[in-house]
A.B. asks: 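Before I ask anything, let me first share the structure, which is written out below as structure tokens.
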Amino acid sequence: MTTMCRLEAVTAANIDVAVGLKVRPDQEHLVAPVMKSLAEAYVYPGIAWPRLIFDGERLVGFLMAFLDIDFAGDGKGVDIRSGLWRLNIAAAEQGRGYGRFAVESVAAEIRRRGGTRLTTTWHPGEDGPEAFYLGLGFRLTGETSGDQKVGELELGKADLPSGAGRPPGVNASSL
């Protein structure tokens, strides 16, 4: 059966399933648990954009974007960016295109708000997600944020490169 991916806001009705989402054990050091992300979203309500990723009725992931932050953090406001803050795909759901769907969804939201680039960070190393992000067209900026590499994706009106790897039923019009 073909299903459709969709994003949902975190609500009282779905918070228990949200906090139960787990990545693979070997990835736990790479991304914060959903509970921490939701706490940060509570503390930064004007910046954080947390969403659950469903395929049909099945929770497959969690994403949180950051919107219009002073990336340099120096208070000057000359380097305002938006991007992907967190991406957690359930351990049993990885490799099915849900990560691509998440990045495309954040890109669509940033475009909708008038943005032209998507920034994200990741832990370096062989076990990190660098190949995933570079495969989607992100380029390294040469910057770091803490101990993480910074990558950016220039946003045009088109989708990310190729539609391969999307979950069944997901296309640009569903974003």
A.B. asks: Roughly how far apart are R81 CZ and I110 CD1, rounded to 0.5 Å?
C.D. replies: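 CD1 of I110 is found 12.0 Å from CZ of R81.
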A.B. asks: Tell me whether N14 contacts the main-chain N or O of A9 through its side chain, where contact means a donor paired with an acceptor under 3.5 Å.
C.D. replies: yes
A.B. asks: Above 12 or not: heavy atoms from other molecules or residues under 6.0 Å from CG of L140?
C.D. replies: yes
A.B. asks: Can you hop from L30 to F132 via hydrophobic side chains spaced under 4.5 Å?
C.D. replies: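 Unlinked, L30 and F132 end up in two clusters.
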A.B. asks: To the nearest 0.5 Å, tell me how far E104 CD sits from R111 CZ.
C.D. replies: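 The CZ atom of R111 is 8.5 Å from CD of E104, to the nearest 0.5 Å.
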A.B. asks: Determine yes or no for a side-chain-to-main-chain donor-acceptor pair under 3.5 angstrom, with Q148 supplying the side chain and S145 the backbone.
C.D. replies: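 Judged by distance alone, no pair lies under 3.5 Å.
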A.B. asks: Determine whether V31 and L87 fall in the same hydrophobic cluster, where Ile, Leu, Val, Met, Phe, Trp and Tyr are linked whenever their side-chain heavy atoms lie under 4.5 Å apart.
C.D. replies: no
A.B. asks: Kindly write out the residues that satisfy ring pair (Phe, Tyr, Trp, His ring centres under 6.0 Å) with Y133, not counting sequence neighbours, or none if the list is empty.
C.D. replies: W122, F138
A.B. asks: Any idea which heavy atoms bring F54 and G56 closest together, and the distance?
C.D. replies: CB-O, 3.7 Å
A.B. asks: Carefully, step by step, assess I53 and I89 under the rule side chain to side chain contact (heavy atoms under 4.5 Å, CB included).
C.D. replies: CA-CA 9 Å; I53 306 165; I89 302 297; 4.1 Å; yes
A.B. asks: Between CG of L84 and CG of L63, what distance do you get to the nearest 0.5 Å?
C.D. replies: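 Answer for the CG-CG pair, L84 versus L63, is 6.5 Å.
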A.B. asks: Scan for salt bridge (charged side-chain N to carboxylate O under 4.0 Å, His left out) pairs involving residues 120-136, sequence neighbours excluded, and state none if there are none.
C.D. replies: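 Applying salt bridge (charged side-chain N to carboxylate O under 4.0 Å, His left out) to every pair that reaches into residues 120-136, excluding sequence neighbours, yields E130-K149.
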A.B. asks: Looking at every non-hydrogen atom in both residues, tell me the closest pair between D70 and G77 and how far apart they are.
C.D. replies: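 Taking D70 first and G77 second, the nearest heavy atoms are OD2-N, 3.4 Å.
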A.B. asks: Going by heavy atoms in the side chains, are M64 and V34 under 4.5 Å from each other?
C.D. replies: no
A.B. asks: N88 side chain to A32 main-chain N or O, any donor-acceptor pair under 3.5 Å?
C.D. replies: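 Looks like yes, one N/O pair under 3.5 Å.
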A.B. asks: For the side chain of S82 and the backbone of D68, is there at least one donor-acceptor N/O pair under 3.5 Å apart?
C.D. replies: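 Yes; at least one donor-acceptor contact below 3.5 Å.
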A.B. asks: Can you tell me how far apart OH (Y98) and CD (E93) are? Round to the nearest 0.5 Å.
C.D. replies: 5.0 Å
A.B. asks: Mind checking whether Y44 and I15 sit in one hydrophobic cluster, side chains of I, L, V, M, F, W, Y counted as touching below 4.5 Å?
C.D. replies: yes
A.B. asks: Please determine whether side chain to side chain contact (heavy atoms under 4.5 Å, CB included) holds for the pair E154 and R139, giving the CA-CA distance in whole Å, both sets of side-chain angles, and the decisive distance to 0.1 Å.
C.D. replies: CA-CA 9 Å; E154 294 298 322; R139 65 169 181 75; 4.1 Å; yes
A.B. asks: Can you give me the closest heavy-atom contact between P50 and L38, atom names plus distance?
C.D. replies: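 Shortest heavy-atom contact: CB-CD2, 4.2 Å.
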A.B. asks: Between R51 and F62 (side chain of the first, backbone of the second, donor and acceptor by atom type, cut-off under 3.5 Å), is there such a pair?
C.D. replies: no
A.B. asks: Side-chain heavy atoms under 4.5 angstrom apart, residues restricted to Ile, Leu, Val, Met, Phe, Trp, Tyr: same cluster for V17 and V60?
C.D. replies: no
A.B. asks: Measure the spacing between CD1 of I80 and CG of L67 and express it to the nearest 0.5 Å.
C.D. replies: 12.0 Å
A.B. asks: Quick one: CZ on F71 to OG1 on T121, what's the gap to the nearest 0.5 Å?
C.D. replies: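 It comes to 6.5 Å.
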A.B. asks: Tell me whether V78 shares a hydrophobic cluster with V150, the cluster being built from Ile, Leu, Val, Met, Phe, Trp, Tyr side chains joined at under 4.5 Å.
C.D. replies: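 In one cluster: no.
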